[in-house]
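Input: a single structure, listed below in structure tokens.
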Amino acid sequence: MIQTNNMKPILNLLRYKRYETILPGSVRTLSGFHGFRNPGARLGDSSVFLQSGTKISELPLVVRKVNNIFELYKRMGIEHTATELKPTEEQNEKFVLTFPPEMKEEEREIIDGFNRCYNSSSIFRLLETIPREEVTPLVAVHALRRIIDLENSFEYRNPGATRETIRGTRRNQDTFLRMAFMTMLLEIVCNSRQPKVILDGLNTVMRDQFPASLATYKERLLEELMFCVTEGVFSLLEVCRAINILSMFYEDRKKCLETADKLWFGIVDQYKQINSPESIVAVFTALPSLNKSRNLVMKILEKRALENWDRYDTGDIIEILRVLVEIKYDRISPSFLGMVSEWLALNIHKVKEAEMMTIVYSLLQLNYVDNKLINSLEKVIKHRGCQIAEIDLVTTICDYCHHFRIRSPVVLEGASEYLVYHVAKLSIPQIYSIARIFGYLDFHPTTGFKFWRELESILEQKFIQFKPREIIELLVSFLYIEKFPLNFTGKLFTPYFLDRLHSQPGQDVFFSRIELKLFDAGMKLECKGYGGPYLPKDTSYRPVEIDSRIRRMSNLLFDPLGEILGDYSRIGTQVLLSALPLHPSYIVDLMIYPTRAEALLRFGFKTENSSNIAVLVHLPEHYDRRGVHLLGSQAMRIRHLKTMGFRVMTVDYLKLSQLLHKPSQLKDYLRVQYSEVRKNTETK
């Protein structure tokens, strides 16, 4: 088992794990240049097991096949004095790497000549006139790119066309001349051992639509890339670029990922070089192109990114978050996203509105929130307020507060003022995002009359533009905070609107019908001027989806409540209220009846309910993020039950869960809650 905390010495050994002697085969020559070797002649595939914490992964590994036993001894640090194993001076010179400091004038002139060519045959004619020694790797890779660009352009403009000259390129097969020059150019690129040249060549041949008998040159370039990475020729940034290129190298996406995965060791082997924002972001951009090795690389990145958190600029943070959202990574360390929150708090004055919107949206997709991030959002709303030019920034912050149940007076007041100030500019999705959070979080804005007047006016104007599900959800959210939209009832209960409602996708139709029934019942209960109910009563008692935690806790509370009352027959669980919609809001978790006989009765709009106690189990999601205020839907539920005459006893799910294994304390808690309800009733 290999641990990941000290990878480099192990990787150096693993690269030469498989040893094979390769006999030189016959090589065909063309115009004085060696043809392609068999792909895979120098490299082999293997695998290695890596352990990171408790997780063990099997990752692909590229291993170099040994042609020279002296080279093997040298790389493993084994001395050997046999003179026949030592390389000759001529062989030594073949391993000398040449990296020209800058492009020569001769190279520039040749490249300019390629740029003036209008088809690939012109380039072939030009290559015939250039001496072999002047076709340097830079010249060769540029010629390749120019040939493929011109051929692709011709094929795009003339789909299905064929070239009629011997120097041209046919769609289904390559001419001999093209094969000869492409072979020469690719061999020069492969033998260059220059990372930028090899990467440029890979990126170029990937776009070649005319491979035919030269299809193996892709594999030849790929082999050279793998070979150079194992040799440490490629820098960390170049390895990352190579991974991104390989992710699109083949038409088969699965094969692309398998190939790119083989370069993971090129990152891990240089993990000490992951020490700057540029290198960290580069490795992050390679993550979507990795598959099996992604988790291992991500663990290294998290550690390195935390060490350099104060050196990032806004673009770095956005790129990191973009990658995490793209790969839908769900095992991110909270400390890593906490670093992003810390960075934002420190640099919020430098972040532009569009950038802020991107960061908030990304964190919403990653399902992350903390107090520092909330403080940053409050600062944005408080200091910029109605001067925010990017409307989507405000709506994204509202969506963020809605998702995480953030009941921030600063944000909510700012959003209400922004809607009043910019109502004429708002689109339908923007109105929806801002308007729904007030009822959802049970918050009454201080803008009061102005806010509701502007909102009612814009909804009247654009009612038809909202999706049925959205407009129903908005109107129900107004009921949560006792705002009764009487003006819209005439638009809801019409054949035209109901036809629109039933033309939605199936899931939206189901949700819209349930919420419309809730709206109808809620208006009937609380709004005196309402002429409904307009919808028929539910006659088929279909199963209603109730949170399994509530159902389970209700059953567990049956016995202790029965002991407190001294009569188990006076308790009912999951009680449906007659004449009311089959909606979770109108299903009582536990009902305490005054007598055994009354437990057989049904209760609803017009029954006498004052002797009954409705027990409601509140989950953590029924409160705002701080666990202090009930959400609007739960506040309305309690209000409706009291309107029907029920006494309401609320119990906290988390508190009950802690007391389940302490029967005496559980009874004491329930007894206190029960006594409080009875005391309040007697006082009234």
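The minimum heavy-atom distance between Leu441 and Ile406, with the atom names listed, is CD1-O, 3.3 Å. Residues Glu302 and Ile332 share a closest heavy-atom pair of OE2-CA, 3.6 Å. Of all the heavy atoms in Asp589 and Val617, the pair that sits closest is OD2-N, 2.8 Å. Scanning all heavy atoms of the two residues, the minimum distance from Leu237 to Ala282 falls at CD2-CB, 3.3 Å. Taking all atoms of both residues into account, the shortest heavy-atom contact from Ile280 to Arg304 is CD1-O, 3.7 Å. Taking each heavy atom of Ser247 and Arg253 in turn, the nearest pair found is O-NH1, 3.0 Å.
Ser512 pairs with exactly one of Arg469, Gln504, Arg500, Glu473 by the side chain to side chain donor-acceptor pair (under 3.5 Å) rule, that one being Gln504. If you run side chain to side chain contact (heavy atoms under 4.5 Å, CB included) between Pro277 and each of Ile317, Asp316, Ile320, only Asp316 comes through. The side chain to side chain contact (heavy atoms under 4.5 Å, CB included) test with Val283 singles out one residue from Ile300, Leu290, Ile267, and that residue is Ile267. Each of Leu582, Leu580, Leu576 was scored for a side chain to side chain contact (heavy atoms under 4.5 Å, CB included) with Ile587, with one residue passing: Leu576.
The backbone N or O of Ala305 lies less than 3.5 Å from a partner atom in the side chain of Tyr312, making a donor-acceptor pair. Judged by distance alone, the side chain of Ser279 and the main-chain N or O of Ser276 form a donor-acceptor pair under 3.5 Å. Under a 3.5 Å cut-off, the side chain of Ser554 and the backbone N or O of Leu590 do not form any donor-acceptor pair. The main-chain N or O of Arg551 is found under 3.5 Å from a side-chain atom of Asn555 such that the two form a donor-acceptor pair.
Within 6.0 Å of the CD atom in Glu278, the count of heavy atoms belonging to other residues, nucleotides or ligands does not exceed 12. Within 6.0 Å of the CZ atom in Arg384, the count of heavy atoms belonging to other residues, nucleotides or ligands exceeds 12.
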Pair up each side-chain donor or acceptor in residues 523-534 with any protein partner under 3.5 Å, not counting sequence neighbours, and list the distances.
from: Glu526; atom 1: OE1; to: Arg639; atom 2: NH2; distance (Å): 3.2
from: Glu526; atom 1: OE1; to: His640; atom 2: NE2; distance (Å): 2.9
from: Glu526; atom 1: OE2; to: Arg639; atom 2: NE; distance (Å): 2.5
from: Tyr530; atom 1: OH; to: Asp520; atom 2: OD1; distance (Å): 2.4

Mind listing the side-chain donor-acceptor pairs of residues 421-430 below 3.5 Å, one per line with the distance, residues two or more places apart or on another chain?
from: His422; atom 1: NE2; to: Cys386; atom 2: O; distance (Å): 2.8
from: Ser427; atom 1: OG; to: Gln430; atom 2: OE1; distance (Å): 3.2
from: Gln430; atom 1: OE1; to: Ser427; atom 2: N; distance (Å): 2.8
from: Gln430; atom 1: NE2; to: Asp392; atom 2: OD1; distance (Å): 2.9

Please set out all donor-acceptor pairs under 3.5 angstrom arising from side-chain atoms of residues 480-492, sequence neighbours excluded.
from: Asn487; atom 1: ND2; to: Glu456; atom 2: OE2; distance (Å): 2.3
from: Thr489; atom 1: OG1; to: Leu486; atom 2: O; distance (Å): 2.9
from: Lys491; atom 1: NZ; to: Glu460; atom 2: OE1; distance (Å): 2.9

Would Ser433 and Thr395 count as a side chain to side chain donor-acceptor pair (under 3.5 Å) here? Give the steps. CA-CA 6 Å; Ser433 292; Thr395 59; 5.1 Å; no
Does the side chain to side chain contact (heavy atoms under 4.5 Å, CB included) test come out yes or no for Arg294 and Trp264, once each step is laid out? CA-CA 8 Å; Arg294 181 184 294 170; Trp264 65 270; over 6 Å; no
Apply side chain to side chain donor-acceptor pair (under 3.5 Å) to the pair Asn308 and Arg311, showing each step before the final yes or no. CA-CA 6 Å; Asn308 296 271; Arg311 299 168 57 190; 2.7 Å; yes
Audit row: Thr650, Val648, side chain to side chain contact (heavy atoms under 4.5 Å, CB included) steps and yes/no: CA-CA 6 Å; Thr650 60; Val648 179; 4.0 Å; yes
Hey, mind stepping through Leu630 and Asp624 against side chain to side chain contact (heavy atoms under 4.5 Å, CB included) and telling me if it holds? CA-CA 6 Å; Leu630 281 172; Asp624 69 348; over 6 Å; no
Test side chain to side chain donor-acceptor pair (under 3.5 Å) on Glu413 and Thr446; report intermediate values, then the result. CA-CA 7 Å; Glu413 292 288 5; Thr446 57; 2.9 Å; yes
Taking it one step at a time, do Leu393 and Val380 satisfy side chain to side chain contact (heavy atoms under 4.5 Å, CB included)? CA-CA 10 Å; Leu393 171 58; Val380 171; 4.1 Å; yes
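Remark: Arg407 is not positioned above the aromatic ring of Phe443, lacking an NZ or CZ atom under 6.0 angstrom from the ring centre and at most 45 degrees off the axis.
Rounding to the nearest 0.5 Å places NZ of Lys517 at 12.0 Å from CD1 of Ile472. Rounding to the nearest 0.5 angstrom, the gap separating the CD atom in Glu417 from the CD1 atom in Ile381 is 10.0 Å. From Ile434, atom CD1 reaches atom SG of Cys398 across 5.0 Å, with rounding to the nearest 0.5 Å. Within the model, atoms CE of Met356 and OG1 of Thr314 stand 10.5 Å from one another, a figure rounded to the nearest 0.5 Å. The distance from the CG atom of Leu577 to the CG atom of Asn609 is 7.5 Å, given to the nearest 0.5 Å. From Asp652, atom CG reaches atom NE2 of His622 across 11.0 Å, with rounding to the nearest 0.5 Å.
In this structure, Phe493 has its ring center no closer than 6.0 Å to that of Phe497. Taking the centre of each ring, Phe451 and Phe438 come in below the 6.0 Å mark. The ring of Tyr653 has its center no closer than 6.0 angstrom to the ring center of His618.
Leu479 places a side-chain heavy atom less than 4.5 Å from the side chain of Phe519. Inter-residue side-chain proximity for Leu557 and Met553 is flagged as met; some heavy-atom pair is nearer than 4.5 Å. Contact check for Arg513 versus His502: side-chain heavy atoms found under the 4.5 Å cut-off. Residues Pro288 and Val323 meet the side-chain proximity criterion, which asks for heavy atoms closer than 4.5 Å. Residues Tyr496 and Leu501 have side chains not in contact (no heavy-atom distance under 4.5 Å, counting atoms from C-beta outward). Using a 4.5 Å cut-off on side-chain heavy atoms (C-beta onward), Phe466 and Ile431 make contact.
Screening residues 346-374 for salt bridge (Lys or Arg N to Asp or Glu O under 4.0 Å) gives Glu342-Lys372 as the qualifying pairs, with residues at least two apart or on separate chains.
The pair Arg436-Asp399 meets the salt-bridge criterion, since a charged nitrogen lies less than 4.0 angstrom from a carboxylate oxygen. Salt bridge absent: Glu454 and Lys450 never bring a charged side-chain N and a carboxylate O closer than 4.0 Å.
The ring-ring contact (aromatic ring centres under 6.0 Å, His included) test applied to Tyr432 returns no partner, not counting sequence neighbours. With sequence neighbours excluded, no residue satisfies ring-ring contact (aromatic ring centres under 6.0 Å, His included) with Trp309.
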